[in-house]
Structures are given as structure tokens and as C-alpha cells.
Amino acid sequence: MKQNYTKEDIMRIVEEEDVEFIRLQFTDLFGNLKNVAITASQLRKALENECMFDGSSVEGFVRMEGTDMYLYPDLNTLQIIPWRPQRGKVARLICDVYRPDRKPFEGDPRYILKRAVREAEKMGYRFEVGPECEFFLFHSDENGLPTTITHEQAGYFDLGPVDFGENARRDMVLTLEEMGFVVEASYHETAPAQHEIDFRHDEALATADNLMTFKLAVKTIAKRHGLHATFMPKPKYGADGSGMHINMSLSRDGKNIFADPSDERGLSREAYFFIGGIMKYIKSMTAITNPLVNSYKRLVPGYEAPVYITWSAAGTSPLLRIPSERGEATRIELRSPDASANPYLALAACLQAGLEGIRNRILPPESVDCNISGMTEEERKARGIEAIPGTLMEAVNELEKSEFMCSVLGQQVSEKYIEAKKREWDAYRSQVTEWEINTYLNRY
């Protein structure tokens, strides 16, 4: 999918393809895609980095010394949007956010990932990432608003006519391929109305950009089928939640450095150190990889989501799993994140934690190759197995006390992120839920 466009290439493509509107896209602190739309007549101005927007209107972008921000388009992200009209087409360019003094805005999530990628490059590494995105397809009501209603009862790998979402998923895959994605697999997941589409791994920044595009495409095509696609981690009680497993590897000179055939598990020292770094910082990362109150309704015992901080090349329920493929396909799979995470921040956190493990030669604890959920609390305690944070507030507290993870985000972002998540928790804990009414109203 990597292009090497010049400004003149962009101007030529827009003219030849009859593009009338260009969306200058960027992502806010909490992973929401934003855009400023311009007409083709303003494209030259945009390519000269002269398009501005009011940063005070975007959550997490407010600054005391001024609010105007510049959008710097990444020329290689030009993409014609296939679901828009074919006469007077619409294209998009993903942008970096710059301050009025023409310096990168430290609150831009894309900048935070770029900074992490540069750290890896200084050490001679390229960070490759392959996500596995799960989502639900629910009915919309008569007003087009989302519900949690589905009439299907399909399960893992089921197909039509049991899988009611098969046609919508097919159109999603075709649309993504038209946009340059290499879709490796798509199928029905465990819970009714739950689906997964996996696309090919790529360099970290490209993968984060792709995740933002992926979510927009999935939601748009679902709406065309009268359905609502949601990446909410746990929309239904009693059913499995939706995760976004992150498969990671490092390469140097085109060679996967996590592979070592001489090791009993086929893993290099760098791979072990990378695992060690993530395990050391996973508690402080969790508020980033699992950013919602609802994220922690998925991370509970009894379902497929991980709860305990373990790793394994053979176990069934570790936080960090080493898939069986080796050689160039050797990778580390982090199973806790969900797709409500800001992908730029989540990948930056994973990369920086792993690099810190390599720098400081942090070896992980002994692998746990059995079913952790079948162990007693005493057995887990005896082996030193800890749990990831159980609520958003626990996770935010872990982030706040971690100097390292706050430095990954930068002072401005970490302060604003923690402040916002505390507000979210306070709003949640003041609610009176239906469960409380059903459990307590009659009894007390």
C-alpha cells in the first residue's frame, strides 16, 4: 500500500480522477477521526501546508498560548473513497497536526507514534504490526439509531444462512481491497452478530492509519446494509466481547529479529526482552490499550479475553501469546487491547515498552503453559501471577504513577488523557444501573 507521491502527483490524480472534494483527516486524543473538507480548487493550498483549523474545538488539542493549528497532509495517504459518488469523487489525505510556529503539535497522536518509530529506527529496527479487529453488527431502529438487537445465533466460523451478516462482511472486504488493503481472512466470531476481518501486517504508522480507515469503512458499509457496526468492547452481557489483538515483530535489514532457530522456542534474546518490557509496563499501558469504562467488562474471567499477566508459546489463555509460526512469521501477540483504543497511542505504548525491555535487557518471568483460569488464586499467587487492572480507574492510577508511560505520551497528552478518563470514571460511578435496581430495590 506504500506510495511515494509528490505534490504534482496528487494534483494530477485529483484532476484525472475527477475528484471534487478532499477530506483532510486527523485523529483526536481519544481515537475519533476528524476532518476538514476542501474543494479541489483549494488543494494546492493544502499541499503547501496552509490549511488551518481551530484546535480548541477538538478534545485534547486545546493549548493556552493559542488554538489555531495547521494540517500537514501525508502525501502517501491519498485515497479515493469508493463509497462516495463516482462523479465529483471524494478523496482523503491523512494529516499531521502542526502548531502556528510550524513545529509538530505534541498533542497529535500520530506524532506520538512517529516519535516511537524514530526511537526504533535509531536502534536499527522497523516495527511491524498486524491487528485482528472484532466488531458486532446490530440492527438499527426506525430512526436509524443503533440498537443491540440481532436475530442471528451464529457462532465461530459459521456461514450463511446462519450468519446474517455475511453479505455485509463480503462488501466490507471488497471495499477494503478496493482501497488497497490486503485482507487475509474474514469470518464470524464466537458471539452472535460478532465478526472479524484481518488485514495484512505493515509498518506501525501505516497500520495505525489503516486501522482508522478500516473502522470508518466497516461502519459505512454496515450502514448501507441497514446495520450498525460497533467496536464497543462489550456491548452485550453474557457474550464474548470484541478485542483487537496486536501481532508485533521487529525487523532489521528486512530480517525478522525475533526469530532464532537455535532457541527451544525459536525466539531470539530481543524477542524475550521485548516480552519482558511489555510485561513490566502492561499495567500502566492498559488505560491506553483499553480506554473505556466498558473495556473492563470484557476483561473478566470466564470469557476468552486475558485477565492475568502471563506469556506463553503453548498456553491457551495468556496475555502475550507466541503464535506457532516461526522464521519470518515469528511474532508476539498482545491479546488485551480492544478497538476503542486510539491506534496511534496504543502502538506507541507497545513499541516503547518493548524497546525499553531490549535496552535494559528485561527478561520476562517463566512462561505459563497451562490454563491459567483453571488455577486457584493461591496457585497464581505462589507463581507470582498478577492481574491486569480490573477497572478504568485502576488502569488510570497505574498510568498516572508510571513516569515511563507518561513520558511515552508526553506531559501534555498524559495530563489531558488522565484528566479526561477520571471524568469518565466519575460520570460512570455516579450512575444507577438497571442491575442495581433489579438487585436492591425490592430487597432493601
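From a predicted model like this one, the values you see are computed outputs, not experimental measurements.
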Listed by chain and number, what are the ring pair (Phe, Tyr, Trp, His ring centres under 6.0 Å) partners of [X], not counting sequence neighbours?
{"X": "F273", "result": "none"}
{"X": "Y98", "result": "Y72"}
{"X": "F138", "result": "F136"}
{"X": "F127", "result": "none"}

Work out which heavy atom in [X] is nearest to a heavy atom in [Y]; give both atom names and the distance.
{"X": "S268", "Y": "A259", "result": "CB-O, 4.1 Å"}
{"X": "M172", "Y": "I197", "result": "CB-CD1, 3.9 Å"}
{"X": "P306", "Y": "S317", "result": "CB-O, 4.5 Å"}
{"X": "W311", "Y": "E366", "result": "NE1-C, 3.9 Å"}

Tell me the side chain to side chain donor-acceptor pair (under 3.5 Å) pairs involving residues 233-246, sequence neighbours left out?
Q194-S242, H245-E333
Distance-only, no hydrogens or angles: does the [X] side chain make a donor-acceptor pair with backbone N or O of [Y] under 3.5 Å?
{"X": "T330", "Y": "F258", "value": "no"}
{"X": "Q86", "Y": "R84", "value": "yes"}
{"X": "R224", "Y": "W83", "value": "yes"}
{"X": "D108", "Y": "R110", "value": "yes"}
{"X": "D202", "Y": "T207", "value": "no"}
{"X": "K114", "Y": "D96", "value": "no"}
{"X": "E328", "Y": "N256", "value": "yes"}
{"X": "R298", "Y": "P235", "value": "no"}

Strictly by ring pair (Phe, Tyr, Trp, His ring centres under 6.0 Å), give each pair with a member in residues 202-225 just once, sequence neighbours left out.
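Sorted pair list: F199-F214.
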So [Y] and [X], do their side chains get closer than 4.5 Å, heavy atoms only?
{"X": "V129", "Y": "I246", "result": "yes"}
{"X": "R331", "Y": "H201", "result": "no"}
{"X": "E203", "Y": "L205", "result": "yes"}
{"X": "M212", "Y": "I94", "result": "no"}
{"X": "Q431", "Y": "V293", "result": "no"}
{"X": "V396", "Y": "Y417", "result": "no"}
{"X": "N290", "Y": "S336", "result": "yes"}
{"X": "P146", "Y": "T230", "result": "no"}

Which value, rounded to the nearest 0.5 Å, describes the distance between [X] atom [atom1] and [Y] atom [atom2]?
{"X": "F53", "Y": "N35", "atom1": "CZ", "atom2": "CG", "value": "11.5 Å"}
{"X": "L137", "Y": "E152", "atom1": "CG", "atom2": "CD", "value": "8.0 Å"}
{"X": "F105", "Y": "I112", "atom1": "CZ", "atom2": "CD1", "value": "9.0 Å"}
{"X": "T286", "Y": "L392", "atom1": "OG1", "atom2": "CG", "value": "10.5 Å"}
{"X": "E106", "Y": "Q412", "atom1": "CD", "atom2": "CD", "value": "5.0 Å"}
{"X": "Q79", "Y": "L93", "atom1": "CD", "atom2": "CG", "value": "10.0 Å"}

Show your working on side-chain contact (heavy atoms from CB on, under 4.5 Å) between I275 and I322 and close with a plain yes or no.
CA-CA 10 Å; I275 294 168; I322 313 301; 3.8 Å; yes
Please name all residues satisfying salt bridge (charged side-chain N to carboxylate O under 4.0 Å, His left out) with [X], sequence neighbours left out, ordered by chain then number.
{"X": "K219", "value": "none"}
{"X": "K283", "value": "E386"}
{"X": "E424", "value": "K421"}
{"X": "E132", "value": "none"}

Would you say that more than 12 heavy atoms from the other residues, nucleotides or ligands in this model lie under 6.0 Å from the CD of E434, or not?
no
Let's go through R380 and E377 carefully: what are the C-alpha distance in whole Å and the side-chain angles of both, what is the deciding distance for salt bridge (Lys or Arg N to Asp or Glu O under 4.0 Å) to 0.1 Å, and is it a yes or a no?
CA-CA 5 Å; R380 287 193 288 269; E377 186 63 37; 3.2 Å; yes
Check whether the side chains of [X] and [Y] place a donor and an acceptor atom closer than 3.5 Å, and report yes or no.
{"X": "R383", "Y": "T310", "answer": "no"}
{"X": "D338", "Y": "S295", "answer": "yes"}
{"X": "S312", "Y": "D369", "answer": "yes"}

Sequence neighbours excluded, every pair satisfying salt bridge (charged side-chain N to carboxylate O under 4.0 Å, His left out) that has a member inside residues 390-405
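Non-adjacent pairs meeting salt bridge (charged side-chain N to carboxylate O under 4.0 Å, His left out): E398-K401, E400-K422.
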Could you give the side-chain donor-acceptor pairs of residues 344-358 under 3.5 Å, partners two or more places apart or in another chain?
| residue | atom | partner | partner atom | Å |
| --- | --- | --- | --- | --- |
| Y344 | OH | D209 | OD1 | 2.5 |
| E356 | OE1 | R359 | NH1 | 2.8 |
| E356 | OE2 | N360 | ND2 | 3.1 |

Using a strict cut-off of less than 4.0 Å between a Lys/Arg side-chain nitrogen and an Asp/Glu carboxylate oxygen, indicate whether R170 and E166 qualify as a salt bridge.
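No, no charged N to carboxylate O under 4.0 Å.
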Ion pair check, D260 and R326, cut-off under 4.0 Å:
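No, this pair does not count.
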